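Computed from a predicted structure; not experimentally measured. Atoms within a ligand are numbered from 1 in the order they appear, just like the ligands themselves. Sequential numbering from 1 along the given sequence is applied to the chain's residues.
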Amino acid sequence: MLVWELAYTRIAGVLTGLEAAAYHGHHRQPGGWLAASPSRVERMQEECAGVHSFHLQPADGQLLPAYQPGQFSSVSVEIPGHPHWQIRQYSLSDAPGRSYYRLTIKRQKADHKTPAGQVSNYLHDTMQTGATLLMHSPTGEFYLDDTAITPLVLRAGGVGITPLMAMLEHLLLSGSPREIRLLQAVRDADAQPFGQRLRLLAQRHPNLRIFTLYGTPAPVLAGNEEDADETADENLGYGLLADEHLDTLLADLPRMADCYCCDPLSFMRHVNILLRAQSFENRHFEVFGPAQVIKRLSE
Ligand SMILES: Cc1cc2nc3c(=O)[nH]c(=O)nc-3n(C[C@H](O)[C@H](O)[C@H](O)COP(=O)(O)OP(=O)(O)OC[C@H]3O[C@@H](n4cnc5c(N)ncnc54)[C@H](O)[C@@H]3O)c2cc1C
């Protein structure tokens with residue numbers, strides 16, 4: 001056997017062992033699954049145009065494996081006419097400890113350059129209450145350290161709010177006094193997942209402030225008392241997140257604050273540079289694409 005073949009076989013053996021150990025870990029916890037498990041859609045909810053939440057429970061009535069706020073689950077789907085099963089990852093978007101998993105999925109539409117996304121469209125077109133979906137045990141390294149007491153900066157672009165919603169709901173549910181600033185970038189007011197929920201949370205929790213930056217000019221929200229729900233988020237206007245935004249929004253936060261960011265790839269590097277320039281060293285990233293990008297960001 002050639003040297004490289006030997007090396008390859010050894011490395012593959014180590015990796016397979018690590019993967020098996022990780023799955024075994026999931027399997028051993030209460031309700032843990034070894035393989036994909038059928039889950040039933042109990043409820044669906046539109047979060048904004050083209051984004052739906054699906055509440056899922058195990059079809060066999062068993063317990064759900066626990067997860068950390070920020071982790072994701074994979075789903076396997078067999079799309080009629082396609083030769084292979086397809087697997088996609090979706091962050092669990094609600095606080096852990098509920099009787100369901102909530103996935104919040106954006107329909108990836110076709111545009112003049114790219115075709116429609118296969119699985120997100122398939123799920124939007126076929127999932128309805130009572131339908132089943134094969135889900136894998138939650139996993140992922142992007143999750144909240146809820147033993148920390150540092151202030152938090154949560155930064156989300158578009159549907160990237162999903163893992164941060166789980167963190168936020170978890171913290172507020174547990175009565176955490178941590179100072180939280182959430183910076184959400186969305187195309188426009190119609191494309192803001194969880195917009196209403198966030199405004200409600202900001203009204204109820206004085207330690208939470210939310211700021212919204214629009215991609216296109218948005219109507220200015222009226223500061224009307226009766227419409228307090230609408231004004232609970234601080235409208236930053238429109239454009240790209242810039243140094244001057246962070247100067248005002250984060251100036252009073254200690255630099256040891258933990259920053260959790262989930263943006264489209266194109267913005268991730270930009271946000272990283274801004275936060276680094278402001279000396280926020282505790283930066284954690286999730287990207288809805290290949291993990292190598294996150295590794296490159298930390299270099
Ligand atoms: C850890 C993690 C968590 C995630 N969490 C969420 C979440 O909470 N919510 C969510 O909505 N998504 C999430 N995602 C993204 C999700 O996994 C899918 O990638 C997304 O739903 C798109 O899948 P799809 O099958 O619809 O698109 P795909 O068919 O996989 O296509 C992906 C993109 O590529 C483009 N494309 C396809 N073919 C071509 C081609 N030939 N040329 C050019 N472009 C092409 C499509 O237009 C589409 O935009 C997460 C991803 C990761 C890794």
So, is [X] polar-close to ligand 1, with some N/O to N/O distance under 3.5 Å?
X      : result
Lys106 : yes
Tyr90  : yes
Val287 : no
Thr162 : yes
Arg88  : yes

Find all atoms of ligand 1 within a distance of less than 4.0 Å from any non-hydrogen atom belonging to [X], and give their numbers and elements.
X      : answer
Ile105 : 11 (O)
Phe72  : 1 (C)
Val119 : 24 (P), 25 (O), 26 (O)
Gln108 : 22 (C)
Glu286 : 1 (C)

Go through it in stages, so that I can follow the logic: the residues are Glu42 and Tyr100, the test is side-chain contact (heavy atoms from CB on, under 4.5 Å), and I'd like the CA-CA distance, side-chain angles, deciding distance and then a yes or no. CA-CA 8 Å; Glu42 296 297 331; Tyr100 56 83; 5.9 Å; no
From the list Pro96, Pro65, Pro58, side-chain contact (heavy atoms from CB on, under 4.5 Å) partner of Tyr101 resolves to Pro65
Candidates Pro115, Gly50, Gly70, Pro163; heavy atom nearest atom 42 (N) of ligand 1 found on Pro115
Shortest reach to atom 43 (C) of ligand 1 by a heavy atom, considering only Ile79, Thr104, Thr114: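 Closest candidate by heavy-atom distance is Thr114.
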Any donor-acceptor N or O pair under 3.5 Å, side chains Arg178, Thr150: yes
Anything under 3.5 Å between a donor and an acceptor, one on a side chain of residues 153-160, the other on a protein residue two or more places apart or in another chain? List them.
residue	atom	partner	partner atom	Å
Arg155	NE	Asp263	OD1	3.4
Arg155	NE	Asp263	OD2	2.9
Arg155	NH2	Asp263	OD1	2.9

Under 6.0 Å between ring centres: does that hold for Tyr90 and Phe54?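 No, the ring centres sit 6.0 Å or more apart.
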Salt bridge check, Arg197 against Glu47: does any charged N sit closer than 4.0 Å to a carboxylate O?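 Salt bridge between Glu47 and Arg197, a charged N being under 4.0 Å from a carboxylate O: no.
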Check against side-chain contact (heavy atoms from CB on, under 4.5 Å), Val51 and Phe194: CA-CA 10 Å; Val51 178; Phe194 300 112; over 6 Å; no
Between Leu164 and Cys262, what is the shortest heavy-atom contact and its length?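 Closest heavy-atom pair between Leu164 and Cys262: CD1-N, 4.5 Å.
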Positive for ring pair (Phe, Tyr, Trp, His ring centres under 6.0 Å) with Phe142, one of Phe72, Tyr260, Phe285: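 Result: among Phe72, Tyr260, Phe285, Tyr260 is the only option passing the ring pair (Phe, Tyr, Trp, His ring centres under 6.0 Å) with Phe142.
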Arg107 touching ligand 1 at heavy-atom level, < 4.0 angstrom: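 False for this residue.
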